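To start, the structure itself, in structure tokens.
No hydrogens, no waters, no symmetry mates; every other heavy atom, side chains included, goes into these values. Proteins get letters first, then strands, A, B, ... in listed order; numbering begins at 1 in each. Nothing here was measured: the structure is a model prediction, and the numbers come from that model.
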Amino acid sequence: MAHVVQPLDQPSNYKDSQSRVDRQKQNELLSGSTTLYVGNLSFYTTEEQIYELFSKCAHSEDGGGIKRIIMGLDRNTRTPCGFCFVEYYTHAEALASMRYVSGTKLDERIIRCDLDLGYKEGRQFGRGKSGGQVRDEHRQDYDPGRGGWGAQAQKAEIDRRRQTEERYADAHDGPGAVAGGGGDWKEMGGTTENKLKRGRSPDDEGDNERMGQRTRTEEDMEGERM
Amino acid sequence: MNFDRPYRGGRRRYPRDDYDDRRREETPQDKVKNAIIKLGEVDPVQELPIVEAQVRSLVPPNVPSLAEAFHISVTEQPYKIPYYAALLRRLHDTPEDGNPEEPSLGGQILEEFWKGFQAYVDKLAWRETRFCIHFFSHLTSAKLVAPESLALLLQAFTTVLDEFGVSHGRAKRAALCAAEGLMIGGASLKAISPSSPSEIINALQTFIETTTNAKWVVQPTLKLHSSSVDVENADELLDNALAVLKALDSVDFDTPCPRPYSEYPELNSVFFTPFTLPLEEESDAQVRREEWPEYFLRLFPDDISPDPNTPAGYTVRADLLAMVDIFEVNRKECARLLLEYPKWTLPGTFKPKPGAPPSEVELVVAHDWQLESTILETVLGALLLLPESSQKQVYYISLITEVCKLSPQTVGPAVGKSIRKLYNGLSDGLDVDISRRLTEWFSIHMSNFNFAWVWKEWVPDLNLAVQHPKRNFMRRSLELEIRLSYYDRILKTLPEAMHPPDAYTIPEQAPGPNFEYDDPSRTISTTATTFTNIYVLLAKPHHDAAQNILNLFRGRSKAEDVVAHLDTLRNTLESEASETGQSLDNVPSLIRIIAIQSLLHIGSRSFSHLLNAIERYLPLLRVVASGSSSTPANGSPEAKADILSAVASFWKYNTQMIGIVFDKFMQYQIVDPTDVVSWTFDHIANVDESERDFRAPMSLNVVEWELLRGALNKAIGRVSMSRRKLTALRKEDDESRARAKASGGNMDVDGETKEEPPVAENPALTTAIKAFSSLTKEQKSVLSRTLEGFVACLAPSSTAMHANPKVREILSENAWHDRANWGKDEWNAWETWGWYRHFCTAYSPYLRSYETTLATISFTRFEGQADPASDLLKKIWNVSIGQE
């Protein structure tokens with residue numbers, strides 16, 4: 001703990017307004033959090049761009065890495081709306097991002113990270129009355145200052161943007177809609193194993209729900225241990 | 001320690017958080033503590049009497065709290081140590097109204113401080129220990145500490161160098177403590193015992209002489225022909241310390257550093273109790289790092305940034321490095337403090353800021369170094385340290401960004417000059433991992449500063465061989481820039497000359513997917529795999545086959561239905577093949593590739609889509625990996641190689657995605673890290689027709705190295721996680737056993753709330769032990785397979801099918817001097833050697849655990865051979881694992 005300067009990896013005033021847990025519990029969760037809320041993204045920034053930057057804070061030699069990225073979507077239009085969650089495997093990685101990545105540029109915008117309580121079903125739909133995350137970022141519209149587009153380049157640019165806008169048209173609500181990203185290593189070949197790894201299909205919702213819950217409890221326990 | 005108030009008032013740690021972090025009232029004690037820590041906000045010399053008065057105003061004094069303030073100040077702001085020595089010296093005087101019989105306040109604080117110092121030593125907190133020694137040395141110079149006791153203290157550190165089997169890291173840290181203590185307090189030591197400085201110097205020199213081999217393997221340039229240490233543009237830390245001490249010894253340690261206490265009157269000295277350093281505890285759970293000599297690259301001439309072989313230069317670099325290290329928790333504040341550093345140096349050390357009013361103080365020295373260049377050189381030196389930087393690389397990169405943001409006009413040019421200097425060094429053998437880190441820095445830096453780089457100036461370098469390190473640098477930097485931004489954005493930052501495909505600088509198109517079965521008329525595949533012939537053979541029908549599978553995926557069919565469909569497809573393809581008289585052997589591979597490519601296709605929209613596709617079809621992936629449709633076990637190596645080949649060809653234009661998919665396939669245990677390593681070495685043996693003029697066979701470039709690194713780290717990470725889990729479970733188990741024992745003995749009321757603890761074997765523990773053993777085996781196998789792979793690349797047998805023809809030729813000195821005429825084969829071979837050296841040094845903590853087995857497997861076949869390649873392989877290996 002540095003006494004002369006204030007560390008950058010402290011929780012801020014960011015909060016999940018929908019969260020039902022009390023403040024003390026929230027602080028406990030944050031002190032072991034592996035998830036970041038990332039705000040002020042361009043609407044056109046892709047998950048791969050995010051992956052690239054945030055992977056610089058991964059401690060893969062310690063069993064870390066990027067578990068998953070959940071793009072924040074507008075509930076109505078299903079288009080990215082300027083925030084995402086980045087989930088790592090370890091708490092140290094989330095802290096490293098707070099110290100080294102938060103406040104730097106991605107896709108030419110200064111992004112901001114906050115430790116998050118952890119992704120819960122439905123939280124990818126932000127904004128508006130029903131959206132959870134509070135901190136309104138103002139959308140910076142198409143920046144003509146980039147200048148000098150030829151007609152062809154402009155078309156490519158428009159295509160790129162349309163592609164990003166359509167990318168999440170298939171995003172849907174409900175349990176199992178967001179992938180887990182892969183858990184801890186397990187011995188293969190057991191019978192319970194096969195059951196757990198069973199595939200999902202639309203008419204398999206019940207199983208999905210159970211699985212979702214199971215993952216969550218495992219994670220909670222993990223969080224508490226840390 | 002609960003002292004966590006911000007440095008500057010007004011900012012709250014948990015704003016709005018009033019639940020459990022209620023802001024405490026600042027006590028008078030805290031105020032004094034803060035005043036001590038903040039000493040020198042404006043002018044340290046003027047503030048000394050004020051802070052002294054504040055400390056004395058607190059009656060009675062709280063000595064532990066004051067000593068803690070000194071501890072924080074000394075260990076977190078080492079550049080202020082001379083002023084803290086002065087403050088303590090002032091507190092040693094008896095105030096006018098004081099009782100001269102009582103022990104002085106300064107003396108009491110020092111006594112308490114000493115206890116804290118011993119605690120650092122006991123914890124082997126080397127950084128804190130070293131700065132305390134700086135403090136004691138200044139106190140000796142201020143006549144508050146007896147020189148004899150400083151001599152004993154420093155001796156305790158040089159003794160470490162003689163310990164039997166001392167690790168390099170421990171010896172290095174102890175040597176620095178002794179050397180830096182001597183630099184500051186040398187004059188006092190020499191006055192009482194003219195020989196004591198030379199004893200320390202000799203001990204240091206003797207130790208340095210034992211490190212020649214270690215220096216050879218981590219020097220920042222890769223010169224394969226030479227077994228001597230031959231470094232022009234970098235300085236080794238201990239070498240610097242030795243040079244400085246020798247220089248100082250010849251001038252009786254007239255060390256150029258601020259000594260604000262020098263005017264104060266003499267006093268009686270305090271003696272310390274001499275002590276011995278505790279031995280380092282060897283723990284196999286702990287991975288020993290920073291075990292190497294430290295070479296810091298020099299980027300500027302001596303009149304721009306200080307030469308660390310000089311006393312003044314050493315001090316500047318040591319101070320800046322300390323700040324970079326200490327303030328890692330807040331890069332923004334760190335940047336600010338770095339730019340404020342000149343105020344802690346002797347006037348005249350740095351050039352004044354442009355436009356600053358002429359200095360009122362008398363210049364003591366006339367170095368006139370450039371602050372920004374010096375900061376850049378120091379931070380980059382730390383970033384580019386081999387085999388690894390001590391902090392995450394992205395920290396140094398973000399720190400430079402912050403320094404630039406604070407003073408763009410002055411730092412910008414220093415950044416540009418640093419990039420050019422390092423870029424030019426690429427022609428002279430700058431190490432491959434340094435080059436990799438440079439591309440990371442370059443791309444992230446540009447991403448923060450509008451991608452504004454004058455690429456035009458590197459156009460003439462397009463005449464260099466296509467695999468020349470400079471061209472690799474350009475290509476890789478652009479690739480990383482595109483990952484952080486997007487293709488069209490980056491393309492337009494380049495001059496026309498770099499656009500065409502034969503400029504081999506930027507790809508022709510954005511890095512999209514390459515679905516082999518997209519186009520119904522496609523007949524010739526450009527895949528880089530050995531399966532090219534199959535595609536040519538059976539290209540057309542696969543479009544339809546792939547479409548059918550795609551439709552199943554899109555319709556979210558159940559995994560077992562897709563598996564059934566693949567079985568049908570196999571029958572169809574097999575009967576087709578036999579009708580046309582073709583071999584059936586390739587059919588299983590083909591089906592795997594179609595299935596995997598189709599799955600990747602539906603997952604190609606985004607990383608999340610990929611994860612969804614994988615999770616939905618995990619059972620399918622396991623069946624494919626098993627090599628047959630019936631028994632998903634641990635998978636068949638051929639099937640898993642096919643899966644990886646399918647990924648590599650699907651994402652052949654996007655190396656980032658190859659890395660991501662490999663990582664997730666390992667995470668979901670579709671493939672193992674060993675599969676990835678094996679695949680990578682097999683893959684580079686077969687250079688695709690379309691890449692022939694671009695790369696040599698059996699050569700690794702940074703892309704393949706990253707795949708290897710991903711696999712190595714996955715295996716290592718699993719072991720370290722599993723070890724943590726095991727340790728926690730063991731502790732838990734021990735505790736519950738202890739509880740069982742305790743509650744069995746007495747009737748504690750509290751015992752009621754606790755359930756009966758398990759007395760029998762803990763099944764979770766058993767599982768964890770089993771997992772740990774499997775994962776350790778996997779780790780060993782990954783390391784072993786990587787070593788074998790490198791050996792096959794670098795010392796191919798005469799019968800090897802795909803060897804790089806130049807792999808041995810480049811080892812001679814003449815060859816190196818002729819490098820201006822090297823082509824792709826030579827540079828590819830050179831780079832592969834570079835990754836081998838990096839593998840051995842960076843992974844040595846893990847390799848050491850299995851040194852005998854690994855060496856036996858890989859090197860036995862060279863026994864009795866006279867082969868420079870195998871000799872070099874073995875030498876790098878032996879030095880890295882500490883056997884030579």
Which residue out of [options] racks up the most heavy-atom pairs below 4.5 Å with chain A?
options                                : answer
B:Lys714, B:Arg709, B:Arg724           : B:Arg724
B:Ile716, B:Thr767, B:Thr401, B:Leu399 : B:Ile716
B:Gln393, B:Met657, B:Glu440           : B:Glu440

Once you round to the nearest 0.5 Å, how far does [atom1] of [X] lie from [atom2] of [Y]?
X        : Y        : atom1 : atom2 : value
A:Thr104 : B:Ile397 : OG1   : CD1   : 10.5 Å
A:Gln10  : B:Asn330 : CD    : CG    : 10.5 Å
B:Asn612 : A:Asp170 : CG    : CG    : 8.5 Å
A:Lys56  : B:Ser398 : NZ    : OG    : 11.0 Å
A:Glu48  : B:Ile482 : CD    : CD1   : 14.0 Å
A:Lys67  : B:Gln667 : NZ    : CD    : 8.5 Å

Looking only at heavy atoms, which two atoms of [X] and [Y] are closest? And how far apart?
X        : Y        : result
B:Glu388 : A:Glu61  : OE2-OE1, 3.8 Å
B:His609 : A:Arg167 : CE1-O, 3.4 Å
B:Ser720 : A:Gly63  : OG-N, 4.1 Å
B:Asn448 : A:Lys105 : OD1-N, 2.7 Å
A:Val101 : B:Arg331 : N-NH1, 4.3 Å
A:Asp62  : B:Met721 : O-CG, 3.7 Å

Quiz prompt | Partner set under side-chain hydrogen bond (donor to acceptor under 3.5 Å, both in side chains) for B:Tyr395, not counting sequence neighbours | solution = none
Exercise. Could you tell me which residues satisfy side-chain hydrogen bond (donor to acceptor under 3.5 Å, both in side chains) with A:Thr79, sequence neighbours excluded, listed by chain and number?
Key: A:Thr77
Side-chain heavy-atom pair [X], [Y] within 4.5 angstrom cut-off:
X        : Y        : result
A:Tyr51  : B:Asp663 : yes
B:Val394 : A:Cys57  : yes
A:Gln6   : B:Val329 : no
B:Lys392 : A:Arg99  : no

Residue part contacting chain B, namely of [X], when any heavy atom lies under 4.5 Å:
X        : result
A:Thr46  : neither
A:Ile66  : both
A:Ala58  : backbone
A:Glu166 : backbone
A:Ser97  : neither

Counting only N and O atoms by type, is there a donor-acceptor contact under 3.5 Å from the side chain of [X] to the main-chain atoms of [Y]?
X        : Y        : answer
B:Ser608 : A:Ile69  : yes
B:Glu615 : A:Gly180 : yes
B:Tyr668 : A:Gly181 : yes

Under a 4.5 Å heavy-atom cut-off, does chain A meet the side chain of [X], its backbone, both or neither?
X        : value
B:Glu328 : both
B:Leu712 : neither
B:Phe451 : side chain
B:Asn450 : both

Practice problem: Output, in order, the C-alpha distance, side-chain angles, deciding distance and verdict of side chain to side chain contact (heavy atoms under 4.5 Å, CB included) for B:Lys38 and A:Val4. | Solution: CA-CA 8 Å; B:Lys38 285 194 206 163; A:Val4 179; over 6 Å; no
Quiz item: Does the salt bridge (charged side-chain N to carboxylate O under 4.0 Å, His left out) test come out yes or no for B:Lys725 and A:Asp184, once each step is laid out?
Solution: CA-CA 11 Å; B:Lys725 201 179 257 175; A:Asp184 287 354; 3.7 Å; yes
Practice problem: Kindly indicate, with the supporting measurements, whether the criterion side-chain hydrogen bond (donor to acceptor under 3.5 Å, both in side chains) is fulfilled by A:Gln49 and B:Ser485. | Solution: CA-CA 7 Å; A:Gln49 285 172 284; B:Ser485 181; 5.0 Å; no
